[in-house]
Amino acid sequence: MFILKEYISNLIYESLNKKIPLDTIQRTTSDSKLINYDYASSIFISNKNLDFQDFKSRMTKNKGIACVEQVNDFVNICLDRVFFLNEFNIGIKKEKKKVMVEFSSPNTNKPLHIGHVRNTLLGNALSNLLSKKYEVVRANLINDRGIHICKSMLAYMKFSKFKSPEEAKTKSDLFVGDCYVLFNNAEKENPKIIEEAEALLLKWEAKDPDTLVLWTKMNDWALKGMKKIYNEFGIDFDVWFFESEIYDKGKDIIFDAYNKGKVELDTELGYTVKFGDKPEDYKVVLRKNGTCIYITQDIYLAKLKIEKYKLDKSIYVVGSEQNDYFDKLIKVLEHIGIPEIADKMEHYSYGMISLPSGKLKSREGNVVDAYTLIDAIRQEALEILKEKQSNKSSEDLKGEAKQIADAAIKYFILKYDAKKDFVFDIKTSLSFDGNSGPYILYSYARICSLLKKMQETKFKPLKSIEKLETKEELNLGRIMLKYPDRLSEAIEKESVHFLVNYITDLANHFNTTYANIKLITKDKEIANRFLFYTKMKSIFNDVFAIMGIKPLERM
RNA sequence: GGCCCCAUAGCCUAGUUGGAUAAGGCGCCAGCCUUCUAAGCUGGAGAUCCAGGGUUCGAGUCCCUGUAGGGUCACCA
């Protein structure tokens, strides 16, 4: 697969007789201004003494270079798009590197909410994206122990009107979440109830049989619901870590570092790493009584991941509210003498989702849980389908509505730059027209339908594309050729939204062409177009696969 | 208060190592279905790119200051 940026930069470099360094040859962006060209370079602005005519004559000798012109101080290059389209195929050169992406990582005391949905879809798409180039291990860390779990358990025993989700006629993870809300309401009345939850945690840690039975039961309820959502979104994990199995590990690492003098035992704070003299440079890593805190486990897990799975990189998809925490975690690892672990860790931070009413607060039940989101959007999709395909029963349309809703959610979540916060308003956020999941799905269905209609004409097939028939399709070809560049940039920058924007742009131009040009005409033209739009379809398929969207052949 | 993130049309966003006329969508206005799928397409109005300074041939993009918003400052996870 040609990455044009590299390919052309190299040609320019060669054609200038290597008078300037390769890395100063830059592509200029502003793609919308390059409709007639494929590539622009500003080298002649910063290197006025270069001989353009000489450059041009060398450059045009290369295969696939159609023209080289000087416009407004830029060197614009147009390619023989047909030549490159025939060379074009999906797939990027693999690199022998192993990357773990940990994402989703839910607590088992409450159901997944919109914030987890962002995490999960983002982590999944990032994994898909990186697996184009690297070997990727998908990991999920289940936060299945701790005081918050005990709160739900206690409330279940004391306040729940129902014995089970079945009895309450509610989804099992929502049921657990309801218990959590019950606890927090009770705590407002009686703050001392927290002591009972703490007592329950001690019983859990002492492996009290009755407590363990209840804990197992409620965790199963929570996990069952979460797995259902993973399943619906088409998300799999290769590795599951359970906090309950590792929460008290990591002490040895701390004690070892303590013996080496890297960790201090502060009589006030406990076992502490001190990067500097000020209190903000301290990080407690173990309680003074020797019991573990969260970071103790994280230190252990960081090491475990990298050593057991022989990783070159360990990515954590975790919200931006934990930026400082991850900075500290990495610093601690460096400081206690395992920088080789720290070096491989990366916090993939993403922004918060808030509701029009304000911040998400799951303890008050002020959340959009994943089911509410999914159900609402499916219902909406079904209504639209019923209107458009009134000849079918609503049972028949349900499957299609599901897929459209799925695409709408995924597009909506993935189109944003991951690091940005956004406000989520279920009524207005998930659009079915314009820049949306349904829009790219619809464009794809049109391409499929077009190809099918073309086949029905029984045209004489060609081995390769011979020409692009219209100005519009020449432009489409230009956009298609950018795909490898976009893909490699997206991998490089770990930015899924590059591709979401790209595919929207491609869909946009395709629809323009479709509306303005009659595409099924003479045999010879159909033969060219069939190959051309088949390639376009493969780009859609590739991006859909990364986004985790299942395409529809018709809608 | 310290540290971190962010600021682009009425609204939501893109703007990929600084480059040509700041791009798309929503909403608004005017059009396009007897012809390959109208969840579509065409045209129009709408932007002192938060403010001020700096670096540069050139700044939405880099640097400084300020302002607004968000995050975070636990022996919570």
Side-chain angles (χ1 to χ4, degrees), chain A residues 5 23 26-34 40-42 45-46 48 71-74 76 105 107 143 145-149 243 247 266 268-272 278-280 284-289 291-298 319-325 327 349 351-352 354 359 381 384-385 387-388 404 408 412 415-417 419-423 425 428-429 431-443 445-446 448-450 452-454 456-457 485-486 488-490 492-493 495 497-498 500-502 504-505 507-508 511-521 554-555:
Chain A
K5 197 165 63 174
D23 57 18
Q26 296 178 0
R27 182 182 61 141
T28 62
T29 53
S30 305
D31 284 319
S32 58
K33 295 176 187 93
L34 284 178
S41 173
S42 56
I45 296 176
S46 44
K48 302 246 188 232
V71 185
N72 298 340
D73 286 343
F74 291 85
N76 289 0
S105 303
N107 293 340
N143 192 325
R145 64 154 288 280
I147 191 72
H148 50 294
I149 312 287
E243 205 188 306
Y247 79 100
D266 187 301
E268 287 280 303
L269 301 168
Y271 292 86
T272 309
K278 287 177 245 146
E280 59 264 33
V284 176
V285 289
L286 191 66
R287 292 190 185 98
K288 56 186 163 193
N289 66 9
T291 55
C292 292
I293 54 176
Y294 194 73
I295 195 169
T296 325
Q297 165 197 307
D298 254 358
S320 60
E321 72 273 16
Q322 293 196 40
N323 283 352
D324 291 353
Y325 172 75
D327 286 351
S349 168
M352 313 252 314
S354 53
K359 207 183 154 177
I384 293 172
L385 272 178
E387 222 171 274
K388 291 186 191 293
I404 293 169
F412 174 71
K415 74 175 173 179
Y416 296 102
D417 183 344
K419 67 172 184 276
K420 295 216 173 168
D421 296 349
F422 63 86
V423 176
D425 178 356
T428 57
S429 295
S431 158
F432 281 79
D433 41 45
N435 288 354
S436 71
Y439 178 74
I440 53 172
L441 225 43
Y442 177 75
S443 310
R446 267 184 159 176
C448 292
S449 158
L450 188 66
K452 218 170 136 201
K453 289 255 156 66
M454 283 176 172
E456 285 165 11
T457 67
D485 290 49
R486 288 301 147 90
S488 76
E489 281 161 5
E492 196 62 38
K493 299 247 154 78
S495 292
H497 79 284
F498 285 8
V500 180
N501 285 318
Y502 171 81
T504 307
D505 189 45
N508 210 319
N511 281 319
T512 297
T513 307
Y514 187 89
N516 293 307
I517 309 290
K518 178 113 179 104
L519 297 173
I520 299 180
T521 51
R554 50 189 299 179
M555 63 186 272

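Computed from a predicted model, the values in this text were never measured in an experiment. These numbers come from the heavy atoms of this one structure, side chains and all, not from hydrogens, waters or symmetry mates.
Rounded to whole Å, the distance from CG on A:N76 to C1' on B:A20 is 9 Å. When rounded to the nearest whole Å, the span between NE2 of A:H497 and P of B:G25 equals 18 Å. The CZ-P distance, from A:R446 to B:C33, rounds to 15 Å in whole Å.
Across the P atoms, B:G2 and B:G60 are found 30 Å apart, a figure rounded to whole Å. Using C1' as the reference atom, B:G15 and B:U61 are 9 Å apart when rounded to the nearest Å.
In this structure, A:Q297 reaches neither bases nor backbone, as no heavy-atom distance under 4.0 Å exists between it and the strands shown. Among the heavy atoms of the strands, none lies under 4.0 Å from A:L286. A:L385 comes within 4.0 angstrom of a base, heavy atoms only. If you check every strand for non-hydrogen atoms under 4.0 Å, A:N508 touches sugar and phosphate atoms only. Within 4.0 Å (heavy atoms only), A:E280 reaches no atom of the nucleic acid at all. Across all strands, A:F422 comes closer than 4.0 Å only to sugar-phosphate atoms, never to a base (heavy-atom distances).
In this model, a donor atom of one side chain and an acceptor atom of the other lie less than 3.5 Å apart for A:N511 and A:R446.
Within the 4.5 Å cutoff, side-chain heavy atoms of A:L519 are placed close to those of A:Y514.
The pair A:K5-A:E489 meets the salt-bridge criterion, since a charged nitrogen lies less than 4.0 angstrom from a carboxylate oxygen.
For the pair A:R145 and A:Y247, the cation-pi criterion (under 6.0 Å, within 45° of the ring axis) is fulfilled.
With distances taken from any side-chain atom of A:E321 to the nucleotides B:G71, B:A39, B:U42, the minimum falls on B:G71.
In this structure, A:F74 packs face-to-face on the six-membered ring of B:A20, meeting both the 5.5 Å centre cutoff and the 30° plane limit.
Between A:Y514 and the phosphate of B:G40, there is no side-chain N or O to OP1/OP2 separation shorter than 4.0 Å.
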